[in-house]
Trainee: 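To start, I am sharing the structure in question, which I have written as structure tokens.
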Amino acid sequence: MLLNEVSFCVDQGELVSLVGPNGAGKSTLLRAITGLIRWERSIMKGTRAGDITIEGTVTFNGERIDSIEPHEIAKRGLVHCPERAHVFAEMTVMDNLRAGAYLCRDKEEIRKNLERVYQLFPVLKERAKQTSGTLSGGERQMLALGRALMMRPKLLCIDEPSTGLSSKLKGELFQRIKEIREAGIALLLVEQDVGSAFKLATRNYVLSHGKVIAEGTGEELLRDETIRKTYLGL
């Protein structure tokens with residue numbers, strides 16, 4: 001997926017959603033922001049700056065980060081929670097959470113982070129010794145979020161967390177996401193359930209064919225019939 005002319009921001013404490021049809025480039029954009037996909041470089045002859053130019057830039061907390069390694073980006077507080085609840089299936093719940101703290105060397109800080117995760121997701125404490133591959137889909141998603149939170153993110157990018165979940169589990173998960181934001185963590189949420197995303201988000205961007213085509217509150221976007229029918233499927 002080619003991302004082209006994409007420009008957006010997430011302010012401190014915000015929950016911003018990124019919505020759009022399948023194949024729009026939403027997951028690709030999250031992976032590019034967090035360094036899991038490298039920005040393309042193109043050859044441009046005859047420019048004063050030289051022959052090579054970077055096609056995209058990412059700035060976090062005033063620092064340009066698109067040329068640094070993913071673990072360095074995570075260390076700065078920009079953390080990615082991947083789609084489909086990717087966890088280390090052969091490891092226990094506790095070991096998955098400890099893996100999320102791999103950048104932290106302070107045992108007391110790790111302990112405090114673990115307690116915060118358990119407060120948010122009590123079921124993970126109950127399942128601490130259970131092999132992660134035996135968890136339900138909802139529990140695996142909670143574990144993926146918990147593991148990401150062990151990195152103490154300043155901005156957490158969450159990719160389609162409700163995929164495959166029942167309506168009840170979706171509601172519980174979105175409530176936890178709301179609580180994460182209320183704890184002061186900024187969130188960038190990619191979500192197919194547009195209605196739920198709009199209820200949670202302070203602002204929304206609509207992506208299609210690798211481009212941002214609209215921005216606004218949920219109410220503003222839903223008033224636009226073209227956006228609603230063509231790009232949101234509502």
Trainee: Cluster question for you: counting only ILVMFWY and a side-chain heavy-atom cut-off of under 4.5 Å, with indirect links fine, are L165 and L200 together?
Mentor: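 Yes.
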Trainee: Rounded to the nearest 0.5 Å, what separation is found between the CE atom of M94 and the OH atom of Y118?
Mentor: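 M94 atom CE to Y118 atom OH measures 3.0 Å (nearest 0.5 Å).
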Trainee: Of all the heavy-atom pairs spanning C9 and V16, show the shortest one and how long it is.
Mentor: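 For C9 and V16, the tightest heavy-atom pair comes out as O-CG2, 4.2 Å.
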Trainee: Once rounded to the nearest 0.5 Å, what's the spacing between atom CG of N204 and atom OG1 of T217?
Mentor: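 Result: 7.0 Å between the selected atoms.
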Trainee: What I want to check is whether the side chains of D66 and T57 have a donor and an acceptor closer together than 3.5 Å.
Mentor: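 On atom types as modelled, these side chains do not qualify, holding no pair under 3.5 Å.
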Trainee: Under 3.5 Å, is there a donor-acceptor pair between the side chain of R181 and the main chain of G13?
Mentor: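 Pair found, side chain donor or acceptor close to backbone of G13.
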Trainee: Taking atom types as modelled, find out whether E179 and Q175 have a side-chain donor-acceptor pair closer than 3.5 angstrom.
Mentor: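 Yes.
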Trainee: Counting only N and O atoms by type, is there a donor-acceptor contact under 3.5 Å from the side chain of S208 to the main-chain atoms of A24?
Mentor: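 Pair absent, no side-chain N/O of S208 close to backbone of A24.
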Trainee: Quick check: are there more than 12 heavy atoms from other residues, nucleotides or ligands sitting under 6.0 Å from CD of Q12?
Mentor: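 Result for CD/Q12: open.
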Trainee: Would you kindly confirm whether V212 and L155 end up in one hydrophobic cluster when ILVMFWY residues are joined by side chain heavy atoms under 4.5 Å apart?
Mentor: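 V212 clusters together with L155.
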Trainee: Are L145 and L173 side-chain neighbours, meaning at least one heavy-atom pair lies under 4.5 Å?
Mentor: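 Side-chain contact under 4.5 Å: yes.
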Trainee: Hey, does R176 have a side-chain heavy atom less than 4.5 Å from the side chain of F121?
Mentor: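 With C-beta onward as the side chain, the pair touches.
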Trainee: Are any side-chain N or O atoms of S132 and backbone N or O atoms of M91, one a donor and one an acceptor, separated by less than 3.5 Å?
Mentor: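 At least one qualifying donor-acceptor pair exists.
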Trainee: Main chain of L135, side chain of R140: is a donor-acceptor contact present, judged purely on distance under 3.5 Å?
Mentor: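 Looks like yes, one N/O pair under 3.5 Å.
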Trainee: Between R111 and E108, is the closest basic N to carboxylate O distance under 4.0 Å?
Mentor: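 Looking at E108 and R111, the cut-off is met.
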Trainee: Given the rule in the side chain to side chain contact (heavy atoms under 4.5 Å, CB included) test, do N22 and Q192 qualify, once you have shown the distances and angles that lead to the verdict?
Mentor: CA-CA 8 Å; N22 289 331; Q192 287 291 338; 2.9 Å; yes
Trainee: Taking atom CD as the centre, does E182 end up with more than 12 heavy-atom neighbours from other residues, nucleotides or ligands that are less than 6.0 angstrom away?
Mentor: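 It does: E182 CD has more than 12 such atoms within range.
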Trainee: Using 0.5 Å steps for rounding, measure from the CG atom of L103 to the CE atom of M150.
Mentor: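 Result: 11.5 Å between the selected atoms.
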Trainee: Is there a donor-acceptor pair under 3.5 Å between the side chain of R116 and the backbone N or O of R152?
Mentor: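 Absent.
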Trainee: Transitively linked via ILVMFWY side-chain contacts under 4.5 Å: I180 with L169?
Mentor: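 Yes, it is one cluster - the side chains of I180 and L169 are joined through contacts under 4.5 Å.
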Trainee: Looking just at side-chain N and O atoms, do S162 and D193 make a donor-acceptor pair shorter than 3.5 Å?
Mentor: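 On atom types as modelled, these side chains do not qualify, holding no pair under 3.5 Å.
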Trainee: Do I177 and L18 sit in one hydrophobic cluster, given that two such residues count as connected whenever their side-chain heavy atoms are within less than 4.5 Å of each other, even indirectly?
Mentor: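 No.
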Trainee: Going by atom type alone, with no hydrogens or angles, which donor-acceptor pairs under 3.5 Å involve a side-chain atom of residues 75-83 and a protein atom two or more places apart or on another chain?
Mentor:
{"residue": "R76", "atom": "NE", "partner": "E63", "partner atom": "OE1", "Å": "3.0"}
{"residue": "R76", "atom": "NE", "partner": "E63", "partner atom": "OE2", "Å": "3.2"}
{"residue": "R76", "atom": "NH1", "partner": "E72", "partner atom": "O", "Å": "3.0"}
{"residue": "R76", "atom": "NH1", "partner": "E72", "partner atom": "OE1", "Å": "3.2"}
{"residue": "R76", "atom": "NH2", "partner": "E63", "partner atom": "OE2", "Å": "3.2"}

Trainee: Ignoring hydrogens and geometry, is there a side-chain-to-backbone donor-acceptor pair from D159 to V190 under 3.5 Å?
Mentor: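 No: the side chain of D159 does not pair with the backbone of V190.
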Trainee: Among the clusters formed by ILVMFWY side chains lying less than 4.5 Å apart, do L114 and L156 turn up in the same one?
Mentor: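 In one cluster with L114: L156, yes.
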Trainee: Looking only at heavy atoms, what is the nearest atom pair of V19 and A197, with distance?
Mentor: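 Closest approach of V19 to A197, heavy atoms only: CG1-CB, 4.3 Å.
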Trainee: Please assess S7 against Y205 for the test side chain to side chain contact (heavy atoms under 4.5 Å, CB included), listing each intermediate value before the final yes or no.
Mentor: CA-CA 10 Å; S7 179; Y205 292 91; over 6 Å; no
Trainee: Hey, could you give me the OG1/NZ distance between T92 and K129, rounded to the nearest 0.5 Å?
Mentor: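 Taking OG1 in T92 and NZ in K129, the distance rounds to 10.0 Å.
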Trainee: Stepwise, does the side chain to side chain contact (heavy atoms under 4.5 Å, CB included) test hold for L149 with N113?
Mentor: CA-CA 8 Å; L149 290 170; N113 292 345; over 6 Å; no
Trainee: Is there a side-chain contact between F174 and E191, using heavy atoms and a 4.5 Å cut-off?
Mentor: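 SC-SC contact between F174 and E191 confirmed.
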Trainee: Determine yes or no for a side-chain-to-main-chain donor-acceptor pair under 3.5 angstrom, with E69 supplying the side chain and H71 the backbone.
Mentor: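 No, the answer is negative, given that no donor and acceptor are paired below the 3.5 Å cut-off.
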Trainee: Which heavy atom of I110 sits nearest a heavy atom of A101, and at what distance?
Mentor: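 Distance-wise, the nearest heavy atoms are CG1-CB, 4.0 Å.
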Trainee: Could you give me the CA-CA distance, side-chain angles and deciding distance for F198 and E219, then say whether side chain to side chain contact (heavy atoms under 4.5 Å, CB included) is met?
Mentor: CA-CA 8 Å; F198 281 3; E219 290 182 357; over 6 Å; no
Trainee: Distance from L120 atom CG to M142 atom CE, nearest 0.5 Å?
Mentor: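 Going from CG on L120 over to CE on M142, the span is 9.0 Å.
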Trainee: Output yes when a side-chain donor or acceptor of K26 lies under 3.5 Å from a complementary backbone atom of G20, and no otherwise.
Mentor: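 Yes; at least one donor-acceptor contact below 3.5 Å.
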Trainee: On the ring face of F8, is R203 found with NZ or CZ under 6.0 Å from the centre and within 45° of the axis?
Mentor: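 Not satisfied by the 6.0 Å and 45° rule.
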Trainee: How far does CG of N61 sit from NZ of K154, to the nearest 0.5 angstrom?
Mentor: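 That separation rounds to 5.0 Å.
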Trainee: Between T131 and T134 (side chain of the first, backbone of the second, donor and acceptor by atom type, cut-off under 3.5 Å), is there such a pair?
Mentor: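 Such a contact is absent between T131 side chain and T134 backbone.
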